[in-house]
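Report on the following structure.
Here is how names work: the chains are called A, B, and so on, in the same order as the sequence lines, proteins then strands, and each is numbered from 1. As the structure is a prediction and not an experimental result, all values here were calculated from the model.
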Number of protein chains: 2
Amino acid sequence: MSKKEALLKAAENKVRLGGYSNFSFRELASEVGIKSASVHYHFPTKADLGAELAHQYTNSFLAALGEPSELKASGKNPIDVYTQLFRSALVTDRKMCLCGLLGAESDSLPDKVRLEVKRFFNQNLTWLSAAHLANGELNPTKAAIQTVSLLEGAMMISKTLDDNSYFELATQ
Amino acid sequence: MSKKEALLKAAENKVRLGGYSNFSFRELASEVGIKSASVHYHFPTKADLGAELAHQYTNSFLAALGEPSELKASGKNPIDVYTQLFRSALVTDRKMCLCGLLGAESDSLPDKVRLEVKRFFNQNLTWLSAAHLANGELNPTKAAIQTVSLLEGAMMISKTLDDNSYFELATQ
DNA sequence: AAATAACTACCTACTGGTCGATAATTTTAC
DNA sequence: GTAAAATTATCGACCAGTAGGTAGTTATTT
């Protein structure tokens, strides 16, 4: 793993625990074994780092989901697959959704970061609409926003109350 | 309004836009017309201020709701009342729920602040369970966690995408 | 006299960011 | 094939600004 990748990974961990202001160049640098001045070589500003982090997070997230039509074709319910991805973020990583946390802080983020967070949710809503359509939902747009709202909210509350059974109950 | 109340109000605005780290003693002080050192007279530490803020927010929120049984008795659906309180926070204040934002940051908060955020959600779940029970729900506990999850999530996404119609669609 | 509420001055620690320098590597030109 | 040039990735030193917090003082109110 390159230093740049290591920096993004370290930043992701910090942000998913405490938001955009929960990481500093010095902390990241020390974690990957370089000096803070060198971080600016890979990311000119903190906003650049944040934006690239959210962009790659979105891409990985979408890639992990696959295509709703293909999931359906192989006998899986795409909404269950989507729910499972959130569950593993909460249960395995024990962290918030990166864009869930950044979305809540949206108003105080640098423009280029906020833009990437918007992209995450727009892409997610598109994916979920296709998934609900494939499931025969009458109003796939509405079902999509309800699904992602419920999951982000349940994740946040389970983290806050430090009890994953809230997530399980919410997704029953 | 006393200086102390003014400080809490200024802090609430900042936190609801960008989280716990989005306010400083210097900013608050300058907004209410005193010096930053004087803020420490009212709140010994930042954590004390954050905890009192979340505590009062919870109390005001619960007070604004009223009692589920009384709402029911006066012909109102308590879940609609609850939804309306979230809606006005989003549409009128144009800000996140204080504890929704702090909850997402939960892992990086000082203990006494996190404790108050937990109190907010525990009290909300109790209120919502009673409300759903009064509505004749078969599983009021489950309905309660689903209601608050959906509303917190929908609020966050509407803020992020800067479009309140997502909230309206999610709550249909 | 005591409590309240503010002040000035200061501290240490940390923030994102800039600068020029320095090796090591890779590409280009002859 | 090799010498020169450019690129990559790092460094130490430094900067101005801000963070939360403390000590001691002053004025006002009870």
* Mark yes or no: B/K46 above the aromatic ring of B/F23, with NZ or CZ under 6.0 Å from the six-membered ring centre and no more than 45 degrees from the axis. => yes
* Does the cation-pi check pass for B/K35 over B/F25, that is, NZ or CZ under 6.0 Å from the six-membered ring centre and within 45° of its axis? -> no
* If each of A/K3 and A/R26 is mapped to the nucleotide of DNA chain D with the nearest heavy atom, which maps nearer the 5' terminus, i.e. the 5' end? -> A/K3
* To do: Name the residue closer to the 5' end of DNA chain D, choosing between A/A37 and A/Y41 according to the nucleotide with the nearest heavy atom.
  => A/Y41
Phosphate oxygens OP1/OP2 of [N]: is one of them under 4.0 Å from a side-chain N or O of [X]?
{"X": "B/K35", "N": "C/dA6", "value": "no"}
{"X": "A/S38", "N": "D/dA9", "value": "no"}
{"X": "A/H40", "N": "D/dT10", "value": "no"}
{"X": "B/S24", "N": "D/dT18", "value": "no"}

* To do: Measure from CG on B/D48 to C1' on D/dG20 and round the result to the nearest Å.
  => 12 Å
* For atom CZ of A/F25 and atom P of D/dA13, their distance in whole Å -> 21 Å
* Asked: Is any side-chain heavy atom of A/L90 closer than 4.5 Å to a side-chain heavy atom of A/S158?
  -> yes
* To do: State, yes or no, whether a side-chain contact exists between A/E116 and A/K112 at a heavy-atom distance under 4.5 Å.
  => no
